[in-house]
Amino acid sequence: MRLNQCHNFQDFRTLAQKRLPSPIFNYIDGAADDEVTYRHNTEAFDRCDLVPNVLTGVEDIDMSVTVMGQKLDMPIYCSPTALQRLFHHDGELAVAAAADKFGTMFGVSSLGTTSIAEVRKKFKSPQVYQFYFHKDRGLNKAMIESAKEAGVDVMMLTVDSITGGNRERDLRTGFSIPFRLTLGGLVQFAIKPMWGINYVTHESFKLPQLDEHVDMSGGAISIGKYFTEMLDPSMTWDDVAKMVKLWDGQFCLKGIMSVEDAKKAVDIGCTGIILSNHGGRQLDGSRSPFDQLAEIVDAVGDKIDVIMDSGIQRGTHVLKALSLGAKAVGGGRFYLFPLAAAGQPGVERALTLMRAEIERGMKLMGCSSVDQLSRSNLRFR
Ligand SMILES: Cc1cc2nc3c(=O)[nH]c(=O)nc-3n(C[C@H](O)[C@H](O)[C@H](O)COP(=O)(O)O)c2cc1C
């Protein structure tokens with residue numbers, strides 16, 4: 001299979017699986033425990049049907065949205081994800097370049113392999129910095145200040161990862177940073193030599209957001225240890241309220257799922273919340289963000305931008321979320337498999353297909369702009 005034969009999420013996933021050593025493919029594809037939540041995230045969209053209107057005059061479609069003060073040319077953005085240079089040697093720069101071409105937002109993870117300043121310098125499209133809260137308050141402050149200096153548009157604090165999820169596929173393959181592969185895992189790298197050649201002949205792997213502050217080289221601290229030893233499980237709403245003040249700009253919480261927490265986010269001055277279960281990678285058995293969306297939009301949708309991610313694979317999924325009241329949606333694997341499959345051209349193809357699906361869907365729904373989508377366009381079974 002080649003890139004031009006990829007027509008949907010599953011095609012990109014198949015091509016990524018062919019190209020990647022299996023420990024890396026399974027790191028992207030895997031989720032927590034029995035992966036029940038991972039499966040439910042996408043299935044949730046099938047529990048409701050779109051109800052189109054016709055003959056409304058839809059020759060020009062405007063799918064742009066404004067979210068947390070950022071104008072996006074399409075209503076889906078590339079959610080921050082860790083370690084992108086392992087998936088393709090161009091990593092975050094490939095994704096940022098593609099997002100920039102399509103006028104959408106892109107997030108750099110605290111565990112990103114390219115520096116936020118480098119991405120900011122190269123691309124104009126809205127940039128999010130995904131932040132993990134560390135025990136070391138000095139480190140938090142320094143990281144927030146570097147993000148300010150770099151000119152990041154939106155601060156995104158992930159709140160669903162107070163400890164690492166139980167990713168059993170990674171335990172089986174030995175996937176970790178630095179690599180501690182099992183024998184089976186090592187064999188999987190040996191049978192995908194092109195990945196290895198690209199990996200060693202391109203810029204070396206690093207975690208620039210953290211390298212300045214902690215020694216990630218030489219095995220001093222692994223990603224697993226990062227979650228268990230460096231992140232602060234005692235973090236509370238008071239800590240976040242202080243961070244919101246310190247940032248003094250667009251600030252959202254990623255991983256809010258309850259109405260109670262959504263209201264607290266409003267109270268402490270956040271400008272956005274992202275309903276997310278981290279693509280099923282953290283708390284298995286947790287509800288899908290799509291199922292929880294209406295309740296949260298009803299409670300706080302007039303006070304804060306409500307966004308959702310997890311499980312989005314199709315343009316119609318995006319349209320269902322927007323019809324329920326989401327201001328925009330994020331996606332992870334929808335661009336990660338294409339990145340792994342073919343680098344920047346892969347991500348561009350995924351965004352092209354997604355944009356075409358959204359446009360076609362809006363036309364078939366009789367909506368020429370996103371604000372015309374409403375709950376009257378949806379029926380739950
Ligand atoms: C391989 C991978 C790495 C991720 N790394 C991060 C991360 O560093 N920080 C974060 O907040 N979310 C991270 N996420 C979660 C995504 O930002 C997003 O919430 C999730 O992928 C949405 O689900 P989807 O993949 O079904 O679209 C990661 C997801 C994947 C698949």
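Each ligand, and each atom within it, is numbered from 1 in the order the structure gives. Both backbone and side-chain heavy atoms feed into the values below; hydrogens, waters and symmetry mates do not. Throughout, residue positions are numbered sequentially from 1 according to the sequence presented.
- Residue Tyr38 does not touch ligand 1, judged by heavy-atom distances below 4.0 Å.
- With sequence neighbours excluded, the residues that form a side chain to side chain contact (heavy atoms under 4.5 Å, CB included) with Leu283 are Ser286.
- At a heavy-atom cutoff of 4.0 Å, ligand 1 is contacted by the side chain of Lys254 but not by its backbone.
- Residue Ser276 has at least one heavy-atom neighbour below 4.0 Å for each of these atoms of ligand 1: 19 (O).
- A cation-pi arrangement is absent between Arg47 and Phe290, since the terminal nitrogen or guanidinium carbon is not both under 6.0 Å from the aromatic centre and inside a 45° cone about the axis.
- Ligand 1 has an N or O atom lying under 3.5 Å from an N or O atom of Gly311, backbone or side chain.
- Separating the OG atom in Ser79 from the NE2 atom in His278 is a distance of 8.0 Å, to the nearest 0.5 Å.
- Between atom CG of residue Leu322 and atom NE2 of residue His317 there is a gap of 13.0 Å, rounded to the nearest 0.5 Å.
- At least one N/O-N/O distance between Pro80 and ligand 1 falls below 3.5 Å.
- Of all atoms in ligand 1, listed by their number and element, those nearer than 4.0 Å to a heavy atom of Tyr27 are 1 (C), 3 (C).
- Protein heavy atom nearest atom 1 (C) of ligand 1, with residue, atom name and distance: Arg281 NH2, 3.4 Å.
- Under a 3.5 Å cut-off, the side chain of Thr42 and the backbone N or O of Gly311 do form a donor-acceptor pair.
- By the 3.5 Å distance cut-off applied to N or O atoms, Gly332 is counted among the residues near ligand 1.
- Taking every non-hydrogen atom of Leu336 and a distance limit under 4.0 Å, the qualifying atoms of ligand 1 come out as 1 (C), 2 (C), 30 (C), 31 (C).
- Arg281 contributes a side-chain N or O that, together with a main-chain N or O of Gly30, makes up a donor-acceptor pair within less than 3.5 Å.
- Checked against a 3.5 angstrom limit, the closest N/O atoms of Ala82 and ligand 1 fall inside it.
- By the 4.0 Å heavy-atom criterion, Asn41 is excluded from the residues contacting ligand 1.
- Distance from atom 20 (C) of ligand 1 to its nearest protein heavy atom, with residue and atom name: Gly279 N, 3.8 Å.
- Residue Phe334 places no heavy atom under 4.0 Å from ligand 1.
- Atoms of ligand 1 lying under 4.0 Å from at least one heavy atom of Gly331, given by number and element, are 27 (O).
- Here the protein heavy atom with the shortest distance to atom 19 (O) of ligand 1 is Asp309 OD2, 2.8 Å.
- Contacts of Thr81 with ligand 1, taken as heavy-atom pairs under 4.0 Å, involve both backbone and side chain.
- The protein atom (non-hydrogen) at minimum distance from atom 8 (O) of ligand 1 is Ser109 OG, 2.7 Å.
- Residue contacts with ligand 1 for Leu83 are absent, since no atom lies close enough (heavy atoms, distance under 4.0 Å).
- In this structure, the protein non-hydrogen atom closest to atom 11 (O) of ligand 1 is Thr158 OG1, 2.7 Å.
- The option from Gln84, Gln130, His278, Arg333 that lies nearest to atom 25 (O) of ligand 1, judged by heavy atoms, is Arg333.
- A side-chain donor-acceptor contact under 3.5 Å links Ser258 to the backbone of Asp261.
- Under the side-chain hydrogen bond (donor to acceptor under 3.5 Å, both in side chains) rule, Glu118 has a single partner from Arg120, Lys121, Lys122, which is Lys122.
- For the atom pair Leu339 CG and Phe87 CZ, the distance stands at 8.0 Å (nearest 0.5 Å).
- Closest protein heavy atom to atom 9 (N) of ligand 1: Tyr132 OH, 3.0 Å.
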Show your reasoning for whether salt bridge (charged side-chain N to carboxylate O under 4.0 Å, His left out) applies to Asp298 and Arg375. CA-CA 12 Å; Asp298 289 344; Arg375 290 195 192 167; 3.1 Å; yes
Report the C-alpha distance between Ile144 and Met155 in whole Å, list the side-chain angles of each, state the deciding distance to 0.1 Å, and finish with yes or no for side chain to side chain contact (heavy atoms under 4.5 Å, CB included). CA-CA 9 Å; Ile144 293 169; Met155 178 58 82; 4.2 Å; yes
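- The aromatic ring centroids of Phe9 and Phe337 lie less than 6.0 Å from each other.
- Between the CZ atom of Phe251 and the CD1 atom of Ile268 there is a distance of 7.0 Å, given to the nearest 0.5 Å.
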